[in-house]
There are 2 protein chains.
Amino acid sequence: MKGDKNLMYSIGEVSKLTGISTYTLRYYEKMGLLPNPYRMDGKQNGIRQYNDQDLRFIQFIYGLKQTGMKLKDIALFVEDGCLLTQNDQEIENIQDILHKRIELLNKHVNLLEQQLEQLGNVMTLANEKRSFYLEMLNEQTSKPVKHFK
Amino acid sequence: MKGDKNLMYSIGEVSKLTGISTYTLRYYEKMGLLPNPYRMDGKQNGIRQYNDQDLRFIQFIYGLKQTGMKLKDIALFVEDGCLLTQNDQEIENIQDILHKRIELLNKHVNLLEQQLEQLGNVMTLANEKRSFYLEMLNEQTSKPVKHFK
DNA sequence: CCTTGACTTAGAGTTTACTCTAACAAATAT
DNA sequence: ATATTTGTTAGAGTAAACTCTAAGTCAAGG
């Protein structure tokens, strides 16, 4: 709880803080990427209220998405996470759930490592090509310009 | 020309060598990601023939795509490249084209650097979460299992 | 009181990037 | 000679991931 402001945020505020549109936030919720947030009671019954923990969770999930995890895989990950908080589940299942989550994370970390490698390769190639173009530019400018017109 | 086999490849061979489907290769060509390849003359007039240089180009382009460059941006990049081989262009334009290509590559390299950073963050978080789950698993297994059933 | 603005929902529409189908041609295999 | 394979085209279909619309609720400001 250290450093937490214990504030609640509307979907609009979360949208501004994360850069994810409200459409997309609701869509992610529907798709099972985000657990159902608390809703206000009384007259404003139904309005979503996010806390700091929710916000951090959304940012983590978005990080997974941004680095190429499929929405369906993220949903799987989140689904298992939700089961962990259901105390009425049989205790034996928790081990299976933990194994599944660990496996999913392992799979993603592997993917990230591959991406890292490919990214490096493309950067090298891009830099090489850039140097080539820069060289061409130099040649262009050092020689008197020929006009064909 | 060193190391080149100077072979020609059909679209099917290119597909097998690159792992890109023939549908996708033709689609990329239509979208302007790949310059029009040579076609056979005579009776087999119309059949695409790719050489080693084409193959390397396709692989570079695919690398850009795989690391998150939008097809439209790749098309822009390629479009400018094609102009370079049109000798009837006015010479002044070549400098502009080189500047544009360098700018596009700079933009992409920046994007890649950002991705690299985000990737690192997500990996750290994923590893942390994984450790947490592993710890939970250990606690689970060291204690006698409680049955609620 | 009434407008403005932020929220709610279900569901329709859009964009991107393929992915495939249909209909046909030409070369190779049986 | 016929069947199979591999190619050609235009254009239709699909899946994922948004993105928006329509119709409505609620509360604060002028």
Side-chain angles (χ1 to χ4, degrees), chain A residues 7-51 54-55 58-59 61-79 108 111, chain B residues 7-51 54-55 58-59 61-79 108 111:
Chain A
L7 285 168
M8 297 299 262
Y9 310 98
S10 70
I11 197 167
E13 286 164 335
V14 171
S15 171
K16 270 167 208 152
L17 289 165
T18 57
I20 310 169
S21 76
T22 56
Y23 302 136
T24 306
L25 283 166
R26 291 197 199 93
Y27 172 71
Y28 282 176
E29 193 181 312
K30 199 160 62 182
M31 292 293 109
L33 271 73
L34 304 176
N36 298 336
Y38 294 114
R39 303 296 187 112
M40 279 170 92
D41 336 307
K43 289 201 170 178
Q44 283 199 334
N45 184 7
I47 291 192
R48 291 169 180 80
Q49 291 279 134
Y50 302 86
N51 61 25
D54 293 334
L55 201 63
I58 291 170
Q59 275 156 344
I61 288 301
Y62 197 54
L64 290 178
K65 195 257 151 187
Q66 292 277 76
T67 55
M69 198 186 259
K70 289 273 149 95
L71 298 196
K72 277 188 182 172
D73 280 340
I74 299 176
L76 257 173
F77 182 86
V78 174
E79 180 192 25
H108 191 56
L111 196 136
Chain B
L7 284 167
M8 298 298 263
Y9 309 98
S10 71
I11 196 165
E13 286 163 335
V14 171
S15 172
K16 270 167 209 152
L17 288 165
T18 57
I20 310 169
S21 76
T22 55
Y23 301 136
T24 306
L25 284 167
R26 290 197 198 95
Y27 171 71
Y28 282 177
E29 192 181 313
K30 198 159 61 184
M31 292 294 108
L33 271 74
L34 305 176
N36 299 337
Y38 294 114
R39 304 294 187 112
M40 280 169 91
D41 337 306
K43 288 200 172 182
Q44 283 198 334
N45 184 7
I47 291 192
R48 290 168 180 81
Q49 291 277 138
Y50 301 87
N51 61 26
D54 294 333
L55 201 62
I58 291 169
Q59 275 156 343
I61 288 301
Y62 197 55
L64 290 178
K65 194 257 151 188
Q66 291 278 76
T67 55
M69 199 186 259
K70 288 274 150 94
L71 298 196
K72 277 188 183 170
D73 280 341
I74 300 176
L76 256 174
F77 183 86
V78 173
E79 180 192 24
H108 191 57
L111 195 135

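Labels below follow one simple rule: chain letters A, B, ... track the order of the sequence lines, proteins then strands, and each chain is numbered from 1. Any value given below was found using the heavy atoms of this structure, including those in side chains, with hydrogens, waters and symmetry copies removed.
Rounded to whole angstrom, the span from the NZ atom of A/Lys30 across to the C1' atom of D/dA16 amounts to 14 Å. Atom CE of B/Met69 is separated from atom C1' of C/dA17 by 17 Å (rounded to the nearest Å). Between the CG atom of B/Leu25 and the C1' atom of C/dC18 there is a distance of 12 Å, rounded to whole Å. The distance between atom CD of B/Glu29 and atom C1' of D/dG7, rounded to the nearest whole Å, is 13 Å. Taking atom CD1 of B/Ile20 as the reference point, atom P of C/dC18 lies 9 Å away to the nearest angstrom. Across the protein-nucleic acid pair, B/Lys70 atom NZ and D/dA16 atom P stand 18 Å apart, rounded to whole Å. Note: CZ (A/Arg39) to P (D/dT25) measures 17 Å, nearest angstrom. Put simply, OH on A/Tyr27 is 6 Å from P on D/dA17, counting in whole angstrom units.
The residue B/Arg26 sits close to a base: some heavy atom pair falls under 4.0 Å.
Under the side-chain contact (heavy atoms from CB on, under 4.5 Å) test applied with B/Tyr50, the options B/Leu55, B/Leu17, B/Leu34, B/Ile11 reduce to a single match, B/Ile11.
Of all heavy-atom pairs spanning B/Ile20 and B/Ser15, the tightest one is O-OG, 2.7 Å. Heavy atoms only, all atoms of each residue included: B/Ala75 and B/Leu33 are closest at CB-CD1, 4.3 Å.
For D/dC18, one of the phosphate oxygens OP1 or OP2 lies less than 4.0 angstrom from a side-chain nitrogen or oxygen of A/Tyr28. Distances shown here put a side-chain N or O of A/Lys65 below 4.0 Å from the OP1 or OP2 atom of D/dC18.
Counting heavy atoms from C-beta outward, A/Leu71 and A/Tyr27 have side chains that approach closer than 4.5 Å.
Each of A/Ser10 and B/Lys72 was assigned the nucleotide of DNA chain C with the nearest heavy atom; the assignment lying further toward the 5' end belongs to A/Ser10.
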